[in-house]
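What follows is a single structure, written as structure tokens, with notes after it.
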Number of protein chains: 2
Amino acid sequence: MRPEDIPEIRALDLFRDMSEENFGDLVRGGYVQTFPPQVQLTTEGDHSDFLHIVLTGSVEMFATWNGRETSMATVRPISTFILAATIKDAPYLMSARTSEKSRIILLPSMDVRAVFENDNGFARAVVSELAQCYRAVVKTSKDLKLRSSIERLANYLLRSRRRAGDAPEFELLLEKRRLASFLGMTPENLSRAFKALRPYGVEVEGATVRITDLDSLERLAKPSPLIDDFST
Amino acid sequence: MRPEDIPEIRALDLFRDMSEENFGDLVRGGYVQTFPPQVQLTTEGDHSDFLHIVLTGSVEMFATWNGRETSMATVRPISTFILAATIKDAPYLMSARTSEKSRIILLPSMDVRAVFENDNGFARAVVSELAQCYRAVVKTSKDLKLRSSIERLANYLLRSRRRAGDAPEFELLLEKRRLASFLGMTPENLSRAFKALRPYGVEVEGATVRITDLDSLERLAKPSPLIDDFST
DNA sequence: CGCTATGTTGATCCATATCAATAAGTGTGG
DNA sequence: CCACACTTATTGATATGGATCAACATAGCG
């Protein structure tokens with residue numbers, strides 16, 4: 001692992017409260033690797049060997065069943081994935097692939113579990129991280145069950161806008177077909193949903209989205225902090 | 001709290017590893033209450049005042065948006081709910097109501113957080129519980145996104161059968177309209193889905209289900225441990 | 001450049017929702 | 001214990017959101 005990576009990792013919520021010694025143990029066994037796009041990092045059902053941390057780039061979490069595939073989430077820097085599987089020493093429930101060129105830290109699961117047993121600060125940080133993940137999935141589930149596809153897209157755009165610092169114009173960070181899968185629809189249907197949002201002030205050109213009538217879009221989307229807020 | 005309740009709580013995974021003293025603190029401030037059916041215990045958006053533990057009966061977790069409502073999960077004895085909100089001191093993402101007459105333990109959230117800070121055994125148990133909850137929601141999400149409504153019902157029946165000790169005949173533990181909502185469909189559609197499963201050896205009479213051709217149903221349902229297993 | 005993957009658009013189909021009517025439970029009070 | 005009211009479940013008819021199929025356009029990329 002490059003020495004310049006270490007402070008960045010140390011600054012993560014997950015590792016901030018652990019002892020210097022335990023952090024050293026954890027990092028010593030780990031390594032950083034750069035992957036090209038479209039590399040599959042984990043396969044659902046496999047046993048958890050490493051805790052992954054995305055340093056740069058982005059990673060798509062997806063799941064399959066009976067020949068079908070669906071996009072479950074996108075992991076962006078700097079955060080971990082498959083923490084739950086690592087801690088429980090259980091098989092992955094999701095697969096992961098790089099969406100773009102990405103630098104990823106790999107920490108051996110055994111080491112993570114060992115430090116988890118010894119370091120109370122780390123154990124508490126894991127709780128916080130897992131609670132966050134849990135709440136994120138619950139929100140996604142509510143989004144899926146309570147909203148139509150157009151409402152989901154409208155709220156997704158409002159969230160994207162917020163993530164871009166409330167800019168009226170921003171880039172979609174996902175390929176449209178992945179976005180469609182994430183929102184639980186087909187690419188064709190997403191295309192039509194974008195068109196259906198035009199009367200509400202949504203202009204799309206390639207990956208660029210401009211929201212010209214925020215009020216109108218919000219009246220349609222009815223965003224809720226209990227579904228659409230990032231942190232709470 | 002009745003003295004005879006205490007050992008039962010102490011035996012829960014969540015409380016087994018904590019110090020006697022901290023357990024005492026936690027239990028002292030809590031109390032047990034019996035609620036009639038259809039009592040709403042928490043409301044989404046409210047602040048977390050108590051960690052709830054279901055001793056008997058059952059509790060439905062549900063969520064609402066824009067006048068719509070959906071059933072998210074059913075909590076059965078003996079387990080906790082809204083642990084994530086309690087630990088994070090965040091608003092509830094789901095509401096809870098008793099489905100039947102239920103005995104519930106209420107532990108003040110403040111006490112739970114205080115003990116969480118002090119007791120390392122408890123902190124680790126919370127991790128394990130949260131990881132479990134997280135993985136359960138991920139499975140439910142996969143079920144929803146990757147399967148049609150008939151496939152979801154078929155797999156739900158196979159899980160119910162398993163929970164009933166692989167009995168060929170068992171009772172639905174949910175009202176059909178709640179089951180429909182949990183599976184993400186309308187009651188009418190659930191009715192039709194049951195009829196559609198008749199050729200696969202599913203006989204329904206009231207709340208009683210008999211599975212007469214397991215192989216056939218499994219060929220249709222294609223259950224997967226990564227979606228349908230309870231614990232892993 | 002030209003190939004291949006992605007995105008769009010149109011036509012059609014299908015799963016599921018909605019609406020409406022009836023039946024069957026379930027609980028309540030007389 | 002029965003009659004009534006009310007909720008839940010079923011069934012049929014119809015509507016519709018979203019999927020699928022097909023053709024074409026477009027944009028990355030080697």
Side-chain angles (χ1 to χ4, degrees), chain A residues 36-39 60 62 65-71 97-101 143-157 171-198 202-209 220, chain B residues 36-39 60 62 65-71 97-101 143-157 171-198 202-209 220:
Chain A
Q38 307 306 328
V39 170
E60 183 196 13
F62 64 100
W65 178 78
N66 194 28
R68 301 166 207 169
E69 176 181 321
T70 191
S71 180
R97 72 163 77 90
T98 54
S99 316
E100 47 191 312
K101 190 181 168 201
D143 190 51
L144 274 170
K145 289 185 80 176
L146 291 167
R147 289 170 171 165
S148 72
S149 62
I150 289 179
E151 290 165 341
R152 290 199 294 278
L153 176 59
N155 279 292
Y156 179 86
L157 294 179
E171 299 294 305
L172 291 175
L173 299 176
L174 253 60
E175 254 182 325
K176 281 185 188 156
R177 60 196 227 94
R178 312 260 183 223
L179 174 57
S181 178
F182 174 70
L183 293 176
M185 49 178 137
T186 57
E188 295 95 321
N189 197 22
L190 176 65
S191 232
R192 289 175 182 122
F194 271 122
K195 276 176 73 172
L197 289 181
R198 260 199 314 236
V202 175
E203 295 172 10
V204 188
E205 202 175 310
T208 306
V209 176
L220 173 74
Chain B
Q38 306 306 328
V39 171
E60 184 196 12
F62 65 99
W65 178 77
N66 194 27
R68 300 167 209 169
E69 176 182 319
T70 191
S71 180
R97 72 163 77 91
T98 53
S99 316
E100 48 191 311
K101 191 180 166 201
D143 189 51
L144 275 169
K145 289 186 80 177
L146 290 167
R147 289 171 171 166
S148 72
S149 62
I150 288 179
E151 289 164 342
R152 290 200 294 279
L153 176 59
N155 280 292
Y156 179 86
L157 294 179
E171 300 293 306
L172 293 174
L173 300 176
L174 254 61
E175 256 182 322
K176 282 184 187 156
R177 61 195 227 93
R178 311 261 182 222
L179 174 59
S181 177
F182 174 70
L183 293 176
M185 49 177 133
T186 58
E188 295 95 320
N189 198 24
L190 176 64
S191 233
R192 291 180 181 117
F194 270 122
K195 276 175 74 172
L197 289 181
R198 259 197 318 233
V202 175
E203 295 173 11
V204 188
E205 202 175 309
T208 306
V209 176
L220 173 75

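Values in this document were obtained by computation on a predicted structure and should not be read as measured data. Convention: sequence-line order gives letters A, B, ...; per-chain numbering from 1.
B:Leu153 pairs with exactly one of B:Ile150, B:Asn155, B:Leu157 by the side-chain contact (heavy atoms from CB on, under 4.5 Å) rule, that one being B:Leu157.
In this structure, A:Arg68 places its CZ atom 12 Å from C1' of D:dA19, rounding to the nearest Å. In this entry the distance linking CG of A:Leu153 with C1' of C:dG7 reads 15 Å, nearest Å. The nearest whole Å value for the distance from the CE atom in B:Met185 to the C1' atom in D:dT10 is 15 Å. Rounded to an integer number of Å, the gap from CZ of B:Arg178 to C1' of D:dA9 is 14 Å. B:Leu146 has its CG atom 16 Å from the C1' atom of D:dA19, to the nearest Å. Whole-Å rounding puts the B:Gln38 CD to C:dT26 C1' distance at 13 Å. Here the P atom of nucleotide D:dA9 and the CD atom of B:Glu205 are 15 Å apart, to the nearest Å. A straight line from CG of A:Leu172 to P of C:dT6 spans 16 Å, rounded to a whole angstrom.
Taking CZ from B:Arg68 and NZ from A:Lys145, the interatomic distance works out to 14.0 Å, rounded to the nearest 0.5 Å. To the nearest 0.5 Å, the span separating CH2 on A:Trp65 from CG on B:Asp143 amounts to 8.5 Å. Taken to the nearest 0.5 Å, the CE atom of A:Met185 stands 6.5 Å off from the CG atom of A:Leu179.
Among C:dA17, D:dG18, C:dT6, the nucleotide with an atom closest to any side-chain atom of A:Arg177 is C:dT6. Which of C:dA17, D:dA9, C:dT8 sits closest to the side chain of B:Lys176 comes down to D:dA9.
Base contact: A:Glu188 has a heavy atom under 4.0 Å from a base atom.
OP1 or OP2 of D:dA19 has at least one side-chain nitrogen or oxygen of A:Thr186 nearer than 4.0 Å. Checking the phosphate oxygens (OP1, OP2) of C:dT16, a side-chain nitrogen or oxygen of B:Ser149 falls inside 4.0 Å.
Comparing B:Leu190 and A:Ser148 by the nucleotide of DNA chain D whose heavy atom lies nearest to each, the residue mapping closer to the 5' end is B:Leu190.
Remark: the B:Glu60 side chain and the B:Ser71 side chain contain an N/O donor-acceptor pair separated by less than 3.5 Å.
Judged by distance alone with a 3.5 Å cut-off, no donor-acceptor contact links the side chain of A:Arg192 to the base of D:dG17.
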